[in-house]
Structures are given as C-alpha cells and as structure tokens.
Novice: 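What follows is a structure written as structure tokens; I'll ask about it next.
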Amino acid sequence: MMNKPKIRIATTSLAGCFGCHMSFLDMDERLVALLEQVELNRSPLTDIKHCGPCDIGLIEGGVCNAENVHVLREFRDNCKILIAVGACAINGGVPSMRNHFTLRECLIETYVNGVGVENPQIPVDVELPLLLDKVHPIHDIVRVDYYLPGCPPSPDEFLQVLGALLEGKEPALPKKLIHYD
Ligand code: SF4
C-alpha cells in the first residue's frame, strides 16, 4: 500500500520576534506526531533558503522592508494556503508602532539620539534591506487565506487549524481558543 504523501509546510518570520515560532515549537510532543503527516520546507527550523511548492505557508510578522516583500511574495506564489500568524502579521503589531513617526524620525532616534549610542550615524550599507516608510500587515501585500490571532497564538490554536487543514476541512477556531494578547 502506498504511503499517504506528507503535507508540505513552510514558515517564516518577517518583522516579528520569533515568539510565534516559539509557540509553534511549544506543541512539544504533539509536534512529533504532527511531523508524521507533515514535511517542513523553508523555515527557521530547517536550512532551506527558498520556499518551494507547499501546501501551507505560515507567516509570522508584518512587512517592514523590501526583503520582507520579496519573501512574502515567494511564499504566496508557492503556497496553496497562506496563514497570517499572530498580531504582527495580521495588523503590524508592535513593529507598526513606528508608523506614528516618519522613517527619518525613527532612524534619528535609534542611531543618532539613542541612549548609549557612540559614533552616531544612520547605517547606509547596500547589503541592508531597504526599509519601507510604514510597517504593513501582510494582507496589504498579498492575498491571505486564514488568520491565526494572538501574540502569540497558542500551541492549541496551531494544532486546531493545522489539524483541520490536514483532514481537508475548513479550519474554525472555537471561541475559547480565540485571544488577541
Ligand atoms: S505576534 Fe507577538 S509573538 Fe508573534 S511575532 Fe508578533 S510580537 Fe512576536
């Protein structure tokens, strides 16, 4: 009998803190059971540099620079289902607090007037990704299929949504699992 092909999942962190990925890992031993049905593609948990064809893409973090836009579009092009994971991906979260100021004001506050800054200067290295004027939720850039709220979403939320998708069902979070903190 042929083995059922594994569901391919990719994950990435854009302008996020990796807290959502830590919560994903907090599935603990349930993650081991999940990995019997799932194969990880690009993710901080693998060393794969580009997102290949996948069934599900999980995006943590909002969009703050040109590289984020590039990575997000690569995920959208390659993932059948794209999920915004956590407050930063859904509405910009903490990084979007800079949207109340101009980019120039933020750079000066950080690199020129910041406490303890020595040799103040705004970095201009060509290797640095170009910052966007504002931090965006990912749905400003690409189409998003599902939203997983929380900062971060709990391991149970991940399991609930991924479990449903693995069974080919429409994911629905029970009220008790929905939180925004
Ligand atoms: S939603 Fe919260 S935990 Fe997730 S990346 Fe943003 S700040 Fe971190």
Side-chain angles (χ1 to χ4, degrees), residues 9-31 34-35 38 40-51 54-76 78-79 81-101 103 105-107 109-110 114 128-165 171-181:
I9 294 183
T11 80
T12 193
S13 179
L14 305 176
C17 74
F18 282 92
C20 292
H21 275 82
M22 295 310 290
S23 188
F24 182 83
L25 286 178
D26 278 344
M27 283 191 273
D28 297 328
E29 69 277 4
R30 294 173 296 176
L31 189 57
L34 190 70
L35 286 173
V38 162
L40 282 177
N41 191 260
R42 174 180 167 154
S43 166
L45 311 173
T46 68
D47 197 27
I48 299 170
K49 308 290 187 213
H50 289 281
C51 180
C54 284
D55 299 289
I56 302 170
L58 300 171
I59 309 283
E60 167 197 297
V63 182
C64 80
N65 65 35
E67 190 201 7
N68 291 162
V69 174
H70 174 78
V71 171
L72 181 56
R73 288 200 170 129
E74 186 178 75
F75 266 68
R76 181 67 277 180
N78 283 285
C79 299
I81 295 171
L82 200 67
I83 305 179
V85 176
C88 298
I90 294 173
N91 60 32
V94 172
S96 68
M97 288 171 76
R98 83 157 157 92
N99 292 356
H100 296 289
F101 306 92
L103 185 54
E105 284 169 334
C106 293
L107 290 169
E109 182 63 23
T110 306
L128 293 172
L130 201 62
L131 288 170
L132 305 183
D133 277 350
K134 301 288 177 201
V135 177
H136 296 265
I138 66 169
H139 67 255
D140 274 2
I141 316 295
V142 297
R143 178 175 53 80
V144 173
D145 298 297
Y146 298 106
Y147 295 84
L148 200 50
C151 179
S154 67
D156 286 344
E157 281 179 77
F158 278 107
L159 268 178
Q160 181 80 27
V161 167
L162 292 177
L165 290 173
L173 283 177
K175 230 177 181 174
K176 68 178 167 55
L177 283 186
I178 298 176
H179 66 103
Y180 298 95
D181 55 349

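Nothing here was measured: the structure is a model prediction, and the numbers come from that model. First listed ligand is number 1; within each ligand, the first listed atom is number 1.
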Novice: What is the total of protein N/O/S atoms that are closer to atom 2 (Fe) of ligand 1 than 2.8 Å?
Specialist: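 The number of such protein atoms is 1.
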Novice: Could you go through the side-chain contact (heavy atoms from CB on, under 4.5 Å) check for Leu173 and Leu148 one step at a time?
Specialist: CA-CA 9 Å; Leu173 283 177; Leu148 200 50; 4.1 Å; yes
Novice: List the steps and the verdict of side-chain contact (heavy atoms from CB on, under 4.5 Å) for Val63 and Asp140.
Specialist: CA-CA 9 Å; Val63 182; Asp140 274 2; over 6 Å; no
Novice: If the threshold is 4.0 Å, N to carboxylate O, is there a salt bridge linking Arg76 and Asp145?
Specialist: yes
Novice: Are the side chains of Pro152 and Glu157 in contact, using a 4.5 Å heavy-atom criterion?
Specialist: no
Novice: Counting heavy atoms not belonging to His179, are there more than 12 under 6.0 Å from its NE2?
Specialist: yes
Novice: For ligand 1, which atoms, with element, lie under 4.0 Å from some heavy atom of Glu60?
Specialist: 5 (S)
Novice: Which residue, Val69, Leu14, Asn68, forms the side-chain contact (heavy atoms from CB on, under 4.5 Å) with Ile141?
Specialist: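 The residue from Val69, Leu14, Asn68 that satisfies side-chain contact (heavy atoms from CB on, under 4.5 Å) with Ile141 turns out to be Val69.
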